[in-house]
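Heads up, the thing below is written out as C-alpha coordinates.
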Amino acid sequence: MAPRGACKGVTTLPVTALNASAAAPAQGETTLEFPDNYLLIDLCGEHDRNLAALEDRLSVQILRRGNRLAVMGEADSRARAAEVLRSLYQRLESGKGLESGDIDRELRMGPALREAGPQDGDQKELFGEGPNGRIEVRTRRKVVEPRTEAQKAYVRALFEHELAFGIGPAGTGKTYLAVAVGVSMFLGGHVDKIILSRPAVEAGERLGFLPGDAKEKVDPYMQPLYDALNDFLPAKQVQKMIEEKVIEIAPLAFMRGRTLSHAFIVLDEAQNATSMQMKMFLTRLGEGSRMVITGDRTQIDLPRGVTSGLIEAERLLGGVPKISFTRFTSRDVVRHPLVAAIIEAYDADARDRATMENPA
(Lines give C-alpha, C1' and ligand atoms only; values in the text may rest on other atoms or scores of the structure.)
Protein backbone atom coordinates (compact mmCIF):
# COMPACT_ATOMS: atom_id res chain seq x y z
CA MET A 1 0.00 0.00 0.00
CA ALA A 2 1.36 3.35 -0.98
CA PRO A 3 2.28 5.68 1.89
CA ARG A 4 -0.13 8.49 2.73
CA GLY A 5 0.35 11.36 0.31
CA ALA A 6 2.07 9.27 -2.40
CA CYS A 7 -0.55 9.33 -5.15
CA LYS A 8 -0.27 7.56 -8.49
CA GLY A 9 1.21 9.80 -11.13
CA VAL A 10 2.31 12.43 -8.61
CA THR A 11 5.95 12.94 -7.73
CA THR A 12 6.19 13.33 -3.96
CA LEU A 13 8.33 16.33 -3.06
CA PRO A 14 9.84 17.20 0.35
CA VAL A 15 7.01 18.15 2.69
CA THR A 16 8.10 21.76 2.84
CA ALA A 17 8.42 22.13 -0.91
CA LEU A 18 5.74 24.08 -2.74
CA ASN A 19 6.32 24.90 -6.37
CA ALA A 20 4.70 28.12 -7.51
CA SER A 21 4.94 29.23 -11.10
CA ALA A 22 3.29 32.15 -12.78
CA ALA A 23 1.53 31.31 -16.03
CA ALA A 24 1.55 33.57 -19.02
CA PRO A 25 0.83 37.13 -17.91
CA ALA A 26 -1.96 37.38 -20.46
CA GLN A 27 -3.86 34.59 -18.68
CA GLY A 28 -3.51 36.20 -15.22
CA GLU A 29 -2.91 32.80 -13.61
CA THR A 30 -0.64 31.47 -10.86
CA THR A 31 -0.25 27.71 -10.41
CA LEU A 32 0.63 26.10 -7.08
CA GLU A 33 1.65 22.43 -6.82
CA PHE A 34 1.18 20.48 -3.58
CA PRO A 35 2.89 17.11 -3.02
CA ASP A 36 0.34 15.53 -0.63
CA ASN A 37 -3.12 15.04 -2.12
CA TYR A 38 -4.60 14.15 1.28
CA LEU A 39 -3.44 17.45 2.76
CA LEU A 40 -4.69 19.22 -0.36
CA ILE A 41 -8.17 17.86 0.37
CA ASP A 42 -7.98 19.37 3.87
CA LEU A 43 -6.65 22.61 2.41
CA CYS A 44 -9.60 22.92 0.05
CA GLY A 45 -12.10 22.05 2.79
CA GLU A 46 -15.45 20.31 2.59
CA HIS A 47 -17.07 21.16 -0.75
CA ASP A 48 -14.08 23.48 -1.36
CA ARG A 49 -15.41 25.92 1.23
CA ASN A 50 -11.91 27.14 2.15
CA LEU A 51 -11.20 27.98 -1.47
CA ALA A 52 -14.57 29.71 -1.72
CA ALA A 53 -13.70 31.85 1.31
CA LEU A 54 -10.43 32.94 -0.32
CA GLU A 55 -12.19 33.65 -3.60
CA ASP A 56 -14.74 35.84 -1.87
CA ARG A 57 -12.24 37.77 0.28
CA LEU A 58 -9.55 38.27 -2.38
CA SER A 59 -11.66 38.52 -5.56
CA VAL A 60 -9.88 35.64 -7.29
CA GLN A 61 -10.93 32.36 -8.88
CA ILE A 62 -9.28 29.11 -7.75
CA LEU A 63 -9.49 25.92 -9.83
CA ARG A 64 -8.25 22.51 -8.75
CA ARG A 65 -6.36 20.45 -11.32
CA GLY A 66 -5.10 17.20 -9.81
CA ASN A 67 -2.57 18.14 -7.15
CA ARG A 68 -2.37 21.72 -8.40
CA LEU A 69 -4.40 24.83 -7.69
CA ALA A 70 -4.70 27.50 -10.36
CA VAL A 71 -5.33 31.00 -9.00
CA MET A 72 -6.73 33.55 -11.47
CA GLY A 73 -7.27 37.25 -10.98
CA GLU A 74 -5.35 40.50 -10.59
CA ALA A 75 -1.62 40.12 -9.95
CA ASP A 76 -1.67 41.44 -6.37
CA SER A 77 -4.69 39.34 -5.42
CA ARG A 78 -3.16 36.22 -6.97
CA ALA A 79 0.07 36.74 -5.06
CA ARG A 80 -1.81 37.22 -1.79
CA ALA A 81 -3.97 34.13 -2.37
CA ALA A 82 -0.89 32.05 -3.22
CA GLU A 83 0.84 33.23 -0.05
CA VAL A 84 -2.18 32.29 2.10
CA LEU A 85 -2.51 28.88 0.46
CA ARG A 86 1.18 28.10 1.01
CA SER A 87 0.97 29.12 4.65
CA LEU A 88 -2.19 27.10 5.31
CA TYR A 89 -0.67 24.05 3.64
CA GLN A 90 2.45 24.34 5.81
CA ARG A 91 0.16 24.44 8.84
CA LEU A 92 -1.37 21.15 7.72
CA GLU A 93 2.10 19.70 7.16
CA SER A 94 2.95 20.43 10.77
CA GLY A 95 0.08 18.17 11.86
CA LYS A 96 -2.42 20.86 12.82
CA GLY A 97 -6.01 21.06 11.66
CA LEU A 98 -7.50 23.88 9.66
CA GLU A 99 -10.46 25.95 10.85
CA SER A 100 -12.20 29.03 9.48
CA GLY A 101 -10.40 31.11 12.11
CA ASP A 102 -7.03 30.03 10.70
CA ILE A 103 -8.03 31.24 7.25
CA ASP A 104 -9.27 34.52 8.69
CA ARG A 105 -5.99 34.99 10.57
CA GLU A 106 -3.90 34.42 7.46
CA LEU A 107 -6.01 36.83 5.45
CA ARG A 108 -5.73 39.52 8.12
CA MET A 109 -2.10 39.05 9.07
CA GLY A 110 -0.02 37.03 6.64
CA PRO A 111 3.75 37.56 6.96
CA ALA A 112 3.27 40.06 9.80
CA LEU A 113 2.68 37.11 12.12
CA ARG A 114 6.12 35.68 11.43
CA GLU A 115 7.91 37.37 14.27
CA ALA A 116 9.77 35.90 17.19
CA GLY A 117 8.09 35.69 20.57
CA PRO A 118 9.61 37.01 23.80
CA GLN A 119 13.19 35.97 24.42
CA ASP A 120 12.58 35.02 28.05
CA GLY A 121 13.49 31.33 28.17
CA ASP A 122 10.86 30.51 30.81
CA GLN A 123 8.09 32.00 28.70
CA LYS A 124 9.06 30.59 25.29
CA GLU A 125 7.54 27.24 26.32
CA LEU A 126 4.19 29.03 26.67
CA PHE A 127 4.39 31.79 24.12
CA GLY A 128 6.70 31.58 21.17
CA GLU A 129 7.14 30.39 17.65
CA GLY A 130 5.08 27.76 15.94
CA PRO A 131 5.29 26.85 12.25
CA ASN A 132 6.61 29.80 10.20
CA GLY A 133 7.32 31.70 13.43
CA ARG A 134 3.65 32.22 14.26
CA ILE A 135 3.04 33.49 17.77
CA GLU A 136 1.19 30.91 19.87
CA VAL A 137 -0.29 30.59 23.36
CA ARG A 138 -0.34 26.95 24.44
CA THR A 139 -3.05 25.54 26.70
CA ARG A 140 -4.15 22.01 27.62
CA ARG A 141 -6.85 21.70 24.96
CA LYS A 142 -5.72 23.98 22.15
CA VAL A 143 -3.10 26.35 20.80
CA VAL A 144 -4.32 29.93 20.48
CA GLU A 145 -2.88 32.25 17.83
CA PRO A 146 -3.55 36.00 17.49
CA ARG A 147 -5.59 36.87 14.42
CA THR A 148 -4.96 40.62 14.17
CA GLU A 149 -2.09 43.01 14.84
CA ALA A 150 -3.86 44.36 17.93
CA GLN A 151 -4.37 40.85 19.28
CA LYS A 152 -0.69 40.09 18.75
CA ALA A 153 0.34 43.25 20.62
CA TYR A 154 -2.15 42.40 23.38
CA VAL A 155 -0.77 38.87 23.89
CA ARG A 156 2.76 40.26 24.09
CA ALA A 157 1.62 42.81 26.66
CA LEU A 158 -0.04 40.14 28.81
CA PHE A 159 3.23 38.26 29.09
CA GLU A 160 5.51 41.27 29.41
CA HIS A 161 3.56 43.51 31.84
CA GLU A 162 2.25 42.90 35.34
CA LEU A 163 -0.74 45.15 34.67
CA ALA A 164 -2.35 45.30 31.22
CA PHE A 165 -5.55 46.84 29.85
CA GLY A 166 -7.45 45.60 26.80
CA ILE A 167 -10.03 48.15 25.66
CA GLY A 168 -12.32 47.86 22.65
CA PRO A 169 -15.58 46.56 21.20
CA ALA A 170 -17.17 43.16 21.65
CA GLY A 171 -15.81 40.24 19.68
CA THR A 172 -12.17 41.33 19.60
CA GLY A 173 -10.88 38.53 21.85
CA LYS A 174 -9.98 40.64 24.88
CA THR A 175 -11.30 38.23 27.51
CA TYR A 176 -10.67 35.05 25.53
CA LEU A 177 -6.98 35.80 25.02
CA ALA A 178 -6.56 36.95 28.63
CA VAL A 179 -7.98 33.67 29.94
CA ALA A 180 -5.82 31.71 27.47
CA VAL A 181 -2.68 33.43 28.72
CA GLY A 182 -3.75 32.88 32.33
CA VAL A 183 -4.23 29.15 31.75
CA SER A 184 -0.92 28.94 29.89
CA MET A 185 0.98 30.67 32.70
CA PHE A 186 -0.68 28.46 35.31
CA LEU A 187 0.20 25.28 33.42
CA GLY A 188 3.78 26.53 33.14
CA GLY A 189 4.04 27.09 36.89
CA HIS A 190 4.39 30.87 36.66
CA VAL A 191 1.32 31.50 38.85
CA ASP A 192 -0.42 29.40 41.50
CA LYS A 193 -4.02 30.30 40.75
CA ILE A 194 -6.35 32.01 38.27
CA ILE A 195 -8.83 34.61 39.49
CA LEU A 196 -11.57 35.79 37.12
CA SER A 197 -13.97 38.56 38.08
CA ARG A 198 -16.76 40.69 36.63
CA PRO A 199 -19.06 43.38 38.01
CA ALA A 200 -22.48 41.80 38.57
CA VAL A 201 -24.34 44.53 36.69
CA GLU A 202 -27.53 43.90 34.74
CA ALA A 203 -27.33 44.94 31.07
CA GLY A 204 -30.21 47.41 31.02
CA GLU A 205 -32.72 44.97 32.52
CA ARG A 206 -34.16 44.36 35.96
CA LEU A 207 -33.89 40.61 36.50
CA GLY A 208 -35.46 40.71 39.93
CA PHE A 209 -34.89 38.11 42.62
CA LEU A 210 -32.69 35.18 41.60
CA PRO A 211 -33.16 31.88 43.49
CA GLY A 212 -30.36 29.77 44.96
CA ASP A 213 -27.25 30.33 47.01
CA ALA A 214 -24.69 33.08 46.37
CA LYS A 215 -22.88 31.06 43.67
CA GLU A 216 -26.12 30.26 41.83
CA LYS A 217 -27.13 33.92 41.91
CA VAL A 218 -23.92 35.23 40.35
CA ASP A 219 -23.10 32.36 37.97
CA PRO A 220 -25.23 33.78 35.10
CA TYR A 221 -23.06 36.90 35.13
CA MET A 222 -19.88 34.79 35.12
CA GLN A 223 -20.87 32.34 32.36
CA PRO A 224 -18.62 33.89 29.65
CA LEU A 225 -15.63 33.22 31.89
CA TYR A 226 -16.65 29.58 32.38
CA ASP A 227 -17.05 29.26 28.60
CA ALA A 228 -13.52 30.54 27.99
CA LEU A 229 -12.01 28.22 30.60
CA ASN A 230 -13.73 25.18 29.09
CA ASP A 231 -12.13 26.01 25.75
CA PHE A 232 -8.65 25.66 27.24
CA LEU A 233 -9.01 22.98 29.92
CA PRO A 234 -11.01 19.73 30.14
CA ALA A 235 -14.35 20.33 31.85
CA LYS A 236 -13.60 17.88 34.70
CA GLN A 237 -10.30 19.60 35.38
CA VAL A 238 -11.98 23.00 35.45
CA GLN A 239 -14.53 21.73 37.96
CA LYS A 240 -11.84 20.18 40.15
CA MET A 241 -9.71 23.34 40.07
CA ILE A 242 -12.72 25.45 41.04
CA GLU A 243 -13.49 23.10 43.95
CA GLU A 244 -9.86 23.34 45.12
CA LYS A 245 -9.92 27.16 44.81
CA VAL A 246 -7.13 27.05 42.23
CA ILE A 247 -9.56 28.80 39.89
CA GLU A 248 -11.80 31.46 41.40
CA ILE A 249 -14.67 33.05 39.52
CA ALA A 250 -16.30 35.75 41.59
CA PRO A 251 -18.10 39.11 41.33
CA LEU A 252 -16.00 42.23 41.68
CA ALA A 253 -17.61 43.06 45.03
CA PHE A 254 -16.06 39.91 46.54
CA MET A 255 -12.52 41.21 45.94
CA ARG A 256 -12.55 43.87 48.65
CA GLY A 257 -10.03 43.35 51.45
CA ARG A 258 -7.97 40.72 49.65
CA THR A 259 -4.34 40.70 48.53
CA LEU A 260 -4.02 38.61 45.37
CA SER A 261 -0.51 37.15 45.25
CA HIS A 262 1.04 34.67 42.78
CA ALA A 263 -2.12 34.74 40.71
CA PHE A 264 -3.24 35.59 37.18
CA ILE A 265 -6.15 37.99 37.65
CA VAL A 266 -8.68 39.10 35.02
CA LEU A 267 -11.34 41.77 35.51
CA ASP A 268 -13.80 41.47 32.62
CA GLU A 269 -16.48 44.01 31.63
CA ALA A 270 -14.53 46.63 33.57
CA GLN A 271 -16.54 49.47 32.01
CA ASN A 272 -19.24 48.55 34.55
CA ALA A 273 -16.96 49.02 37.55
CA THR A 274 -17.36 52.30 39.39
CA SER A 275 -14.35 54.50 40.09
CA MET A 276 -14.15 53.26 43.68
CA GLN A 277 -14.46 49.62 42.62
CA MET A 278 -11.72 50.02 40.03
CA LYS A 279 -9.32 51.60 42.52
CA MET A 280 -10.14 48.83 45.00
CA PHE A 281 -9.49 46.12 42.43
CA LEU A 282 -6.24 47.57 41.08
CA THR A 283 -4.83 47.83 44.58
CA ARG A 284 -5.41 44.08 45.15
CA LEU A 285 -2.36 43.32 43.00
CA GLY A 286 0.10 41.32 45.09
CA GLU A 287 3.57 39.85 44.75
CA GLY A 288 4.15 37.57 41.77
CA SER A 289 0.77 38.35 40.19
CA ARG A 290 -0.38 39.52 36.77
CA MET A 291 -3.54 41.55 36.31
CA VAL A 292 -5.57 42.14 33.14
CA ILE A 293 -8.43 44.65 32.84
CA THR A 294 -10.77 44.31 29.84
CA GLY A 295 -13.73 46.41 28.82
CA ASP A 296 -15.69 48.28 26.17
CA ARG A 297 -16.30 52.00 26.70
CA THR A 298 -19.41 51.89 24.45
CA GLN A 299 -21.31 49.34 26.59
CA ILE A 300 -21.52 50.97 30.01
CA ASP A 301 -24.50 49.72 32.04
CA LEU A 302 -23.93 51.86 35.12
CA PRO A 303 -26.69 54.24 36.27
CA ARG A 304 -26.73 57.61 34.56
CA GLY A 305 -24.25 60.00 36.17
CA VAL A 306 -21.99 57.26 37.59
CA THR A 307 -18.45 57.46 36.17
CA SER A 308 -17.01 54.29 34.69
CA GLY A 309 -13.90 53.14 36.53
CA LEU A 310 -12.42 51.93 33.24
CA ILE A 311 -12.59 55.37 31.63
CA GLU A 312 -11.12 57.00 34.73
CA ALA A 313 -8.32 54.41 34.98
CA GLU A 314 -7.45 54.96 31.33
CA ARG A 315 -7.21 58.71 31.96
CA LEU A 316 -5.21 58.45 35.17
CA LEU A 317 -2.89 55.56 34.35
CA GLY A 318 -2.26 56.10 30.64
CA GLY A 319 1.18 57.58 31.29
CA VAL A 320 2.31 55.29 34.11
CA PRO A 321 5.36 53.21 33.14
CA LYS A 322 5.02 49.40 33.06
CA ILE A 323 1.24 49.57 32.58
CA SER A 324 0.16 48.47 29.12
CA PHE A 325 -2.89 49.68 27.18
CA THR A 326 -4.00 47.81 24.04
CA ARG A 327 -6.86 49.38 22.12
CA PHE A 328 -9.02 47.40 19.71
CA THR A 329 -11.31 48.64 16.93
CA SER A 330 -14.00 47.10 14.74
CA ARG A 331 -11.20 45.90 12.43
CA ASP A 332 -10.14 43.48 15.19
CA VAL A 333 -13.53 41.79 15.54
CA VAL A 334 -13.10 38.04 15.04
CA ARG A 335 -16.70 36.94 15.48
CA HIS A 336 -19.19 36.87 12.61
CA PRO A 337 -18.35 39.51 9.95
CA LEU A 338 -21.70 41.19 10.64
CA VAL A 339 -20.53 42.04 14.17
CA ALA A 340 -17.86 44.36 12.75
CA ALA A 341 -20.44 45.97 10.45
CA ILE A 342 -22.85 46.47 13.37
CA ILE A 343 -20.14 48.09 15.51
CA GLU A 344 -19.12 50.39 12.67
CA ALA A 345 -22.75 51.44 12.10
CA TYR A 346 -23.21 52.31 15.78
CA ASP A 347 -19.87 54.16 15.88
CA ALA A 348 -20.79 56.16 12.79
CA ASP A 349 -24.15 57.10 14.33
CA ALA A 350 -22.42 58.20 17.56
CA ARG A 351 -20.01 60.40 15.57
CA ASP A 352 -22.90 61.94 13.62
CA ARG A 353 -24.80 62.71 16.83
CA ALA A 354 -21.71 64.25 18.40
CA THR A 355 -21.20 66.43 15.33
CA MET A 356 -24.82 67.62 15.42
CA GLU A 357 -24.64 68.42 19.14
CA ASN A 358 -21.25 70.14 18.89
CA PRO A 359 -20.95 71.64 15.39
CA ALA A 360 -17.54 73.08 14.54
*asked:* Using a strict threshold of under 4.0 Å (side-chain N to carboxylate O), is an ion pair present between E83 and R86?
replied: no
*Do L302 and T274 come close enough that some side-chain heavy atom pair is under 4.5 Å?*
yes
*So do V179 and I194 actually touch side chain to side chain, heavy atoms under 4.5 Å?*
no
*asked:* For E33 and N67: C-alpha separation, side-chain torsions, deciding distance, then whether side-chain contact (heavy atoms from CB on, under 4.5 Å) applies.
replied: CA-CA 6 Å; E33 182 178 336; N67 71 322; 3.5 Å; yes
*Please examine the side chains of T298 and Y346, heavy atoms only from C-beta on, and report whether any two atoms are closer than 4.5 Å.*
no
*Does the side chain of S261 come under 3.5 Å of the side chain of E287 through a donor N or O and an acceptor N or O?*
no
*Hey, does M280 have a side-chain heavy atom less than 4.5 Å from the side chain of R258?*
no
*Below 4.5 Å, heavy atoms only, C-beta onward: do L310 and I300 meet side chain to side chain?*
no
*Report the C-alpha distance between L85 and L54 in whole Å, list the side-chain angles of each, state the deciding distance to 0.1 Å, and finish with yes or no for side-chain contact (heavy atoms from CB on, under 4.5 Å).*
CA-CA 9 Å; L85 287 167; L54 291 176; 3.4 Å; yes
*Got P199 and L267 here, is their nearest side-chain heavy-atom distance under 4.5 Å?*
yes
*Looking just at side-chain N and O atoms, do D332 and T148 make a donor-acceptor pair shorter than 3.5 Å?*
yes
*Do M255 and I195 touch side chain to side chain, with heavy atoms closer than 4.5 Å?*
yes
*Verdict with supporting geometry, E160 and S324, side-chain contact (heavy atoms from CB on, under 4.5 Å)*: CA-CA 9 Å; E160 295 171 358; S324 168; over 6 Å; no
*Mind running side chain to side chain donor-acceptor pair (under 3.5 Å) on E269 and Q271 for me, showing each step along the way?*
CA-CA 5 Å; E269 297 290 339; Q271 74 275 4; 2.5 Å; yes
*Donor-acceptor pair, side chain of Y154 and main chain of L177, under 3.5 angstrom*: no
*Excluding sequence neighbours, so at least two apart, what forms side chain to side chain donor-acceptor pair (under 3.5 Å) with E55?*
none
*Are any of the side-chain nitrogens in E162 or R290 under 4.0 Å away from the carboxylate oxygens of its partner?*
no
*asked:* Has T139 got a side-chain atom pairing as donor or acceptor with V183's backbone, closer than 3.5 angstrom?
replied: no
*If two hydrophobic side chains count as joined below 4.5 Å and joins carry through other members, does M276 share a cluster with L285?*
no
*Is the closest side-chain heavy-atom distance between L63 and V71 below 4.5 Å?*
no
*Quick one: are the ring centres of F232 and Y176 less than 6.0 Å apart?*
yes
_Test side-chain contact (heavy atoms from CB on, under 4.5 Å) applied to D42 and Y89, step by step_ = CA-CA 9 Å; D42 293 336; Y89 184 82; over 6 Å; no
*Verify whether one side chain among Q151 and E149 offers a donor that lies under 3.5 Å from an acceptor in the other.*
no
*Go through the side-chain N and O atoms of R78 and T30 and say whether any donor and acceptor fall under 3.5 Å apart.*
yes
*Determine, for K279 against E312, whether the closest basic-nitrogen to carboxylate-oxygen distance falls under 4.0 angstrom.*
no
*Dump the intermediate steps for salt bridge (charged side-chain N to carboxylate O under 4.0 Å, His left out) on E29 and R65, then the final yes or no.*
CA-CA 13 Å; E29 181 178 307; R65 299 166 179 166; 2.9 Å; yes
